There are 2 protein chains.
Amino acid sequence: MHATRQVAPSMGACQTCGLRHRAVCAALNDTELDDLQRISHRKSFEAGTTVALEGEPMDYFANILNGVVKMTKTLADGRQQIVGLLFPTDFLGRAFVTEAPYRAEAATDLELCAFPHSSFEQLLHKYPQLEHRLLESTLSELDTAREWMLLLGRKTAEEKVASFLHLLTKRADLSAPCNANQDGPLRFPLPLTRTDMADYLGLTIETVSRQITRLKKQGVISLVDSRTIEVAALEDLEDISGG
Amino acid sequence: MHATRQVAPSMGACQTCGLRHRAVCAALNDTELDDLQRISHRKSFEAGTTVALEGEPMDYFANILNGVVKMTKTLADGRQQIVGLLFPTDFLGRAFVTEAPYRAEAATDLELCAFPHSSFEQLLHKYPQLEHRLLESTLSELDTAREWMLLLGRKTAEEKVASFLHLLTKRADLSAPCNANQDGPLRFPLPLTRTDMADYLGLTIETVSRQITRLKKQGVISLVDSRTIEVAALEDLEDISGG
DNA sequence: ACTGAACCTTGATCTTGGTCAAATGCCGTG
DNA sequence: CACGGCATTTGACCAAGATCAAGGTTCAGT
């Protein structure tokens with residue numbers, strides 16, 4: 001359903017990969033990249049599939065080539081919270097521990113460029129600039145997480161939903177085919193179900209649905225179908241999302 | 001008021017510092033540590049003082065020797081959220097950028113072991129194991145932030161307050177003098193005002209106050225005074241906090 | 001001891017978002 | 001086409017926590 005863009009590398013062709021200068025690989029020069037290429041392999045998951053279980057070993061790292069990964073935490077009674085989304089170019093996997101710290105699930109159909117755990121850690125050791133890059137990407141993940149803490153703790157339901165849609169407008173070019181560069185209103189598919197959106201925003205599906213209806217009535221967005229958004233007034237969306 | 005423990009190093013004595021093997025310094029051996037010692041200096045702040053402003057340059061990094069730092073984000077209309085607390089042994093400052101990403105404020109009286117920005121970055125370059133340590137500490141900050149996202153998005157007011165108190169029982173030995181190793185109920189001072197607790201938990205001060213009263217009535221905790229907690233039933237506190 | 005400011009607690013009331021329930025729409029399959 | 005399952009929407013009602021409004025405590029400064 002998703003995943004039709006041609007940014008993905010053909011096997012063994014890191015040099016020409018669309019992510020070459022945007023994912024962790026950017027830390028390496030062409031020669032060094034060969035080392036990475038040698039250990040890389042493709043992996044795909046269907047939407048809804050579990051990629052890693054909390055506390056269970058995960059034997060590889062990966063760049064997201066295509067699709068969206070959700071990382072979730074769960075309370076004993078089943079309440080769930082999505083604690084992070086990974087988009088194309090993002091790095092999946094936790095260095096220096098074998099157990100995954102959260103459950104990772106394919107929110108959409110997914111393509112990964114994967115590296116076996118131990119081989120990749122050897123490369124981290126061999127190339128400090130790779131580890132440096134990982135530190136920088138971890139720091140920016142931390143910023144994102146804290147931005148979301150502000151949303152979860154202090155924003156209203158309307159601001160939350162608007163913030164999420166606004167986030168997607170910024171990452172839509174990455175997460176799905178879209179008309180970002182064309183004229184007319186910005187249109188893109190939602191990578192998450194209403195349930196997932198609720199779990200990401202700390203709301204219920206009913207509230208998410210009502211707030212979407214509300215934004216629709218205000219003329220800020222419209223729905224092509226229930227999973228395809230068209231942003232009519234990006235400025236307004238940004239205003240409503242509250243900074 | 002706080003800050004009476006003797007873990008702090010005397011100036012120029014990293015080797016005998018109580019944090020030697022617990023803070024970032026642990027990444028370096030005794031010889032390498034001299035390099036760090038040479039650039040280190042003490043800094044103190046009074047409770048309530050601003051340590052760094054969001055978006056403003058911060059010209060040093062620091063280990064927390066004593067006290068607690070709160071990092072906050074604010075919406076345009078003044079709504080606030082504390083997005084992280086730093087306790088003794090934690091590392092303050094963001095590598096590779098000069099601007100602080102959040103406002104940092106001394107929640108209690110504070111003592112820091114500070115390193116000038118550029119000198120420290122030179123050491124990061126010289127000693128990859130120091131950068132490695134920084135990556136590990138950033139990853140654990142990320143875990144903490146995501147744990148808090150679950151709390152903010154999905155826990156009830158009672159669970160939130162219990163979780164915070166439970167967190168303190170785990171870090172009380174770090175944040176303040178306490179009787180953790182003695183017999184009897186665990187007693188420690190709260191490093192935050194009710195307002196700060198509310199900003200950390202995504203609640204109002206009234207709700208925080210009511211939930212504390214509630215826990216008191218249940219016999220889980222008692223208040224020596226409004227800023228000193230005694231945990232009567234640690235098990236119960238853990239249960240209520242919801243895993 | 002008196003005063004004012006901060007901080008904390010408590011009560012009464014209101015509102016936002018949750019809960020419960022039902023209806024609608026959208027496939028994919030027999 | 002009819003059926004069943006799933007995602008989404010909508011409505012009616014409810015409750016957790018926010019808001020508004022007093023009071024109480026503590027403490028520094030006079």
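What you are looking at is a predicted structure, and each value in this text was computed from that prediction instead of being measured. Computed from heavy atoms alone, side chains included, the values below leave out hydrogens, waters and symmetry copies. Below, read A as the first sequence line, B as the second, and so on, with proteins coming before strands; counting in each chain starts at 1.
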| request: Report the residues that fulfil side-chain hydrogen bond (donor to acceptor under 3.5 Å, both in side chains) with B:Ser209, sequence neighbours left out, ordered by chain and then residue number. | output: none
| said: Applying side-chain hydrogen bond (donor to acceptor under 3.5 Å, both in side chains), can you list everything that pairs with A:Ser241, at least two apart in sequence or on another chain? | reply: none
| field | side-chain N/O A:Ser226 vs D:dT9 OP1/OP2, d < 4.0 Å | value | no
| query | If you check every side-chain atom of B:Thr213, which of D:dT8, C:dC8, C:dT9 has the closest atom? | reply | C:dT9
| message | On a heavy-atom basis, which atom in B:Arg94 and which in B:Pro101 lie closest, and how many Å separate them? | response | CB-CD, 4.0 Å
| said: Over all strands shown, is B:Ser209 touching base, sugar-phosphate only, or nothing at heavy-atom distances under 4.0 angstrom? | reply: base
| field | Degree of bending, the helix from C:dA1-D:dT30 to C:dG30-D:dC1 (end axes from five pairs; round to 10°) | value | 30°
| Atom NZ of A:Lys160 and atom P of C:dT16: how far apart are they, to the nearest Å? | 14 Å
| said: Can a donor-acceptor pair be found, under 3.5 Å and without considering hydrogens, that links the side chain of A:Arg194 to the backbone of A:Ser226? | reply: yes
| remark: Going 5' to 3' through nucleotides 18-29 of chain C and flagging B where a protein heavy-atom sits under 4.0 Å of the base, S where only the sugar-phosphate is that close, and - otherwise, we get SBB---------
| Roughly how many Å is it from CG in B:Leu190 to C1' in C:dC7, rounded to a whole number? | 13 Å
| said: Consider side chain to side chain contact (heavy atoms under 4.5 Å, CB included). Of A:Thr108, A:Leu165, A:Thr228, which one does A:Leu190 pass it with? | reply: A:Leu165
| Under 3.5 Å: donor-acceptor pair, side chain of B:Asp225, backbone of B:Arg227 | yes
| message | B:Arg79: which residues meet the side-chain hydrogen bond (donor to acceptor under 3.5 Å, both in side chains) condition with it, sequence neighbours left out? | response | A:Glu159, B:Asp77
| Under 4.0 Å between a side-chain N or O of B:Thr156 and OP1 or OP2 of D:dA16? | no
| query | Rounding to a whole Å, what distance do you find between A:Asp199:CG and D:dA7:P? | reply | 13 Å
| Distance, rounded to the nearest Å, where A:Met197 contributes CE and D:dT8 contributes P | 9 Å
| query | Are A:Glu230 and A:Arg187 close enough, and set up right, to give a salt bridge (charged side-chain N to carboxylate O under 4.0 Å, His left out), and what steps lead you there? | reply | CA-CA 4 Å; A:Glu230 207 168 70; A:Arg187 173 186 297 196; 2.4 Å; yes
| Atom-to-atom span, CZ of A:Arg214 to C1' of C:dT16 - whole angstrom | 11 Å
| Protein-nucleotide distance (B:Arg79, atom CZ; D:dT19, atom C1'), rounded to Å | 15 Å
| request: Would you mind classifying the nucleic acid contact of B:Leu223 as base, sugar-phosphate or nothing, using non-hydrogen atoms under 4.0 angstrom? | output: sugar-phosphate
Please tabulate, one pair per line, all N/O donor-acceptor pairs under 3.5 Å involving side-chain atoms of residues 196-207 of chain B, not counting sequence neighbours.
unit_1   : atom_1 : unit_2   : atom_2 : d
B:Asp196 : OD1    : B:Lys70  : NZ     : 2.7
B:Asp196 : OD2    : B:Lys70  : NZ     : 3.2
B:Asp199 : OD1    : A:Arg154 : NH2    : 2.9
B:Thr204 : OG1    : B:Thr207 : N      : 3.3
B:Thr204 : OG1    : B:Thr207 : OG1    : 3.1

| request: Rounded to the nearest angstrom, tell me the gap between atom CD1 in B:Ile205 and atom P in D:dG17. | output: 17 Å
| Rounded to whole angstroms, how far apart are NZ on B:Lys216 and C1' on C:dC8? | 10 Å
